Each structure stands twice: as structure tokens, then as C-alpha cells.
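Given the structure is predicted, the values throughout are model-derived calculations rather than measurements. Just follow the structure's listing: the first ligand is 1, and inside any ligand the first atom is 1.
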Amino acid sequence: MKVTFLGTNGWYDTLTGNTCSILIQTKEFDVILDAGNGLAKADQYITQEKPAYLFISHFHIDHIVGLHTLVKFRFPKGLVICGQPGTSGVLNTFVAEPFTVPFAHLPFPVRFLELDEGEHAVPFPVEARQLVHPVPCFGYRLSLDGKVITYCTDTGYCTNAVLLGRNSDLLITECGLKSGQESPGWPHLNPESAIQIGKEAQAKRLALTHFGAEVYRSYDDRAEVQAKFQEAYPGLIVATDDLTIEI
Ligand SMILES: [Zn+2]
Ligand SMILES: [Zn+2]
């Protein structure tokens, strides 16, 4: 199973990356996590012939702005958009005239699947839990091809992130803040708090993404995280756009 980081920035695009989106290529499905501007690159990696699933963590624009590029995709087997209760209403307001082509006019069928907190089969097993953010935000634990991939952005440290990440083969968390930075009024993770979640969850691998655009202004800033923390978390992945890893 391949995991490709299409966009690895938080908040806005810079020369270091597009906003958040991750592609998971499984045997049966193409699964996309969030729809920042990185989403527009997905067609470089997939034939689009498999059923496609898109999970939306929350509605901050860096996680949905790429939806206006959906019109270039074809997805002959359709796209299922999964998210917290209310997802259909919010996204049908955002992906609409006069802003962009509405879902109903896309060249493929779109279906919404609103998930309550808890476990679901969509058809593959998914567990959703609320994270800690100024607006409701879901983390997801996905069981795909016999492996578990957990995605927790945007959030501060919280028990739900640890529960979702338990024994994951790959835990993907955000890293909006630099080492030692705190942001109690608008929770995000720094490398230390992301690693704390990964260790408490006993995740086999930890990948950091969603690097704050104002905070991590260059690749060197990300490389510092890799150098400083790779011993603390062996196999630590500090994502950059278009990085593909095999799980
Ligand atoms: Zn964000
Ligand atoms: Zn956010």
C-alpha cells in the first residue's frame, strides 16, 4: 500500500508545499485524506479507476480549498466524501455557484457519508473521534489491506488522538508548531507533542505533516525536525510534498 503526501502545509501554500492532502492507494480503493490544494496532484498518481473515498477532517479552508479542482477528475466508480455530521450541508455551500462547479455538475457521481463518532464500515473499517481544535474536527483510524493508518490533524495533544492511533502501522499527525512552541488558544502539535501521541499509542511509524506555513518557512526548518527527533522516534517521517512511502 502506497501513501503519498500530496500537500504538507498548514494554512496556505508556499514554495515548500501545498495545503494538506494525502493519497492512500490500496488494492481496491483510492483513499484521500483532506482536500487542501495538494488534492489537485492526485491524478498524477492514480488511474482513477478504483472507487474513491475522501475523508474531511474539518472545514478550515486549508483542508477543503482543493475541492474546486474536483472537476478535472473522472472517477468513473464515483467519489464518496466522508466527514462529521453536517459535512454535506457545509460542502454543498462551499462547492457551489458562484464559487465553483457544484458537486451535482461534476463529471462523476458524488455521495456523502456523514459519520458519527465511533466505528463504521464504509465499506472498510473506519473509526472516527473528535479531536481538539477551535471547530469540530475528526481524526480517523482506517483499516486498509490488513494495516492500520491513523490520521490526526488539526489538534492539540488529546486522549482521542492516542486512542485512534493505538498500535497503528502508520500514525500521521500534524506538526503546525516548532519544537517548544505552544498555542493554547488554537491548539496544534509541536514535534514533542506529536511524538508523545505516537509513543503513547505505540504506533509503529509516525509521519508529521501539516507544517504551519508561517512557522516552517523552508525545507531546512523541516530538516531540523528530522535531525533533532529521529532518535526519539526511530523511523520518523517528516513529510514533504510528493513523498511516497510504502506501508
Ligand atoms: Zn489546518
Ligand atoms: Zn484547522
Side-chain angles (χ1 to χ4, degrees), residues 3-24 31-42 54-69 81-87 89-91 93-95 114-115 117 128-141 149-158 160-161 164-165 171-179 181-194 197-198 206-217 221-222 225 237-241 243:
V3 178
T4 301
F5 294 86
L6 302 171
T8 56
N9 269 29
W11 195 3
Y12 60 87
D13 288 3
T14 64
L15 290 177
T16 58
N18 287 132
T19 43
C20 222
S21 191
I22 298 165
L23 170 66
I24 306 169
V31 178
I32 298 168
L33 307 174
D34 273 335
N37 277 323
L39 175 66
K41 293 185 244 170
L54 169 60
F55 287 82
I56 299 291
S57 61
H58 66 308
F59 309 120
H60 279 155
I61 293 177
D62 51 331
H63 299 259
I64 62 171
V65 64
L67 290 173
H68 78 113
T69 66
I81 300 181
C82 306
Q84 59 186 275
T87 294
V90 173
L91 294 187
T93 304
F94 187 74
V95 181
E114 296 189 353
L115 305 172
E117 278 193 278
R129 286 178 187 264
Q130 193 84 239
L131 301 176
V132 177
H133 205 47
V135 296
C137 180
F138 269 14
Y140 298 104
R141 172 187 175 90
I149 297 178
T150 300
Y151 178 57
C152 291
T153 195
D154 295 14
T155 190
Y157 172 86
C158 63
N160 275 352
L164 285 172
L171 169 61
I172 302 167
T173 74
E174 65 139 293
C175 189
L177 301 173
K178 275 195 177 168
S179 173
Q181 283 184 332
E182 302 281 347
S183 167
W186 191 287
H188 278 295
L189 298 176
N190 58 30
E192 292 90 339
S193 50
I197 292 170
L206 174 65
L208 305 180
T209 187
H210 190 286
F211 293 92
E214 280 286 286
V215 176
Y216 289 90
R217 296 187 174 213
D221 290 337
R222 297 192 193 190
V225 174
I237 297 154
V238 176
T240 49
D241 282 30
L243 171 72

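The NE2 atom of His210 and the OD2 atom of Asp62 meet at the Zn ion (ligand 1) at an angle of about 90°, given to 10°. Rounded to 10°, the angle formed at the Zn ion (ligand 2) by NE2 of His58 and NE2 of His133 is 110°.
In summary, the aromatic rings of Tyr140 and Tyr151 are positioned with their centroids too far apart to meet the 6.0 Å limit. Aromatic pair His63/Trp11: ring centres not closer than 6.0 Å.
Using modelled atom types, one side-chain atom of Gln130 and one backbone atom of Cys137 make a donor-acceptor pair closer than 3.5 Å.
Classification of the Trp186-His60 ring pair by plane angle, with boundaries at 30° and 60°, yields parallel.
At a threshold of 2.8 Å, the Zn ion (ligand 2) has a backbone or side-chain N, O or S atom of His60 nearer than that distance.
Within Asp154, the N, O or S atom at minimum distance from the Zn ion (ligand 1) carries the name OD2.
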